[in-house]
Amino acid sequence: MSMRIDYNKVAPAGIKALGGVYGYITQSGLPATLIELVYLRVSQINGCAYCLDMHTRSLQKMGVKVEKLALLQVWREAEALFDDQERAALAWAETVTRVAETAIPDEAYEAARAVFSEKQLVDLTIAIGLMNTYNRIAIGFRNPPQAVAEHSAAAA
């Protein structure tokens with residue numbers, strides 16, 4: 001897979017603007033691990049190799065156990081590994097990411113509101129939207145994951 005467009009060079013102001021939203025989320029008060037788990041789950045749904053690699057590495061650096069990472073995509077079956085807030089955030093991330101299919105039903109909203117304040121839920125939804133945007137950019141322009149670049153460099 002080769003990169004179609006280096007979007008960082010072609011539209012640096014746009015990417016910087018997205019970085020501003022990313023910065024807002026990091027300062028939102030939501031737990032960093034929770035946000036990274038959501039980013040990883042959204043990236044799993046969208047099939048974004050670049051973001052899967054990045055957020056898996058980030059979560060590993062944060063000390064998240066490999067079992068939790070391996071079972072994230074089936075978190076409902078492994079719910080004991082995830083706390084109440086993580087489960088609520090993952091469920092919300094899934095329904096928001098799949099909005100065309102789910103229409104984000106009232107039950108999903110009420111379940112998320114039972115765990116998050118209004119501001120937390122808005123911030124979480126901004127984070128989900130941001131990751132969906134990043135996924136579409138990375139997939140659309142074929143940004144290769146770090147692991148592939150490292151493998152290619154080692155093979156050369």
For this session: Applying salt bridge (Lys or Arg N to Asp or Glu O under 4.0 Å), name anything that partners K65, two or more places apart in sequence or on another chain.
Result: none

Exercise. Does D84 have any salt bridge (Lys or Arg N to Asp or Glu O under 4.0 Å) partners at least two apart in sequence or in another chain, and if so, which?
Worked result: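 Result, salt bridge (Lys or Arg N to Asp or Glu O under 4.0 Å) vs D84: R87.
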
Exercise. Considering residues at least two apart in sequence or located in another chain, which fulfil the side chain to side chain donor-acceptor pair (under 3.5 Å) criterion with Q44?
Worked result: R41

For this session: Verify, without hydrogens or angle tests, whether D53 (side chain) and Q146 (backbone) share a donor-acceptor contact under 3.5 angstrom.
Result: yes

Seminar exercise, completed: What one should report as the nearest heavy-atom pair of I128 and A93 is CD1-CA, 3.4 Å

Problem set entry | F141 and D6: CA distance, side-chain angles, deciding distance, side chain to side chain contact (heavy atoms under 4.5 Å, CB included) verdict | CA-CA 7 Å; F141 299 120; D6 185 344; over 6 Å; no

For this session: Check which hydrophobic residues are tied to V64 through side-chain heavy-atom contacts below 4.5 Å, counting indirect links as well, and list them.
Result: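 L37, L40, L52, L59, M62, L69, L71, L72, V74, W75, L81, F82, L90, which link up through side-chain heavy atoms under 4.5 Å apart, make up the rest of the cluster.
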
For this session: With sequence neighbours excluded, give me every salt bridge (charged side-chain N to carboxylate O under 4.0 Å, His left out) pair touching residues 130-141.
Result: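 Those involving residues 130-141 do not exist here.
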
Seminar exercise, completed: OG1 of T97 to CG of N132, rounded to nearest 0.5 Å, is 4.0 Å

Problem set entry | Sequence neighbours excluded, every pair satisfying ring-ring contact (aromatic ring centres under 6.0 Å, His included) that has a member inside residues 100-124 | none

For this session: Assess whether side chain to side chain contact (heavy atoms under 4.5 Å, CB included) is satisfied between Y7 and L18, documenting all intermediate values.
Result: CA-CA 12 Å; Y7 46 84; L18 290 174; over 6 Å; no

Exercise. Got S43 and M54 here, is their nearest side-chain heavy-atom distance under 4.5 Å?
Worked result: no

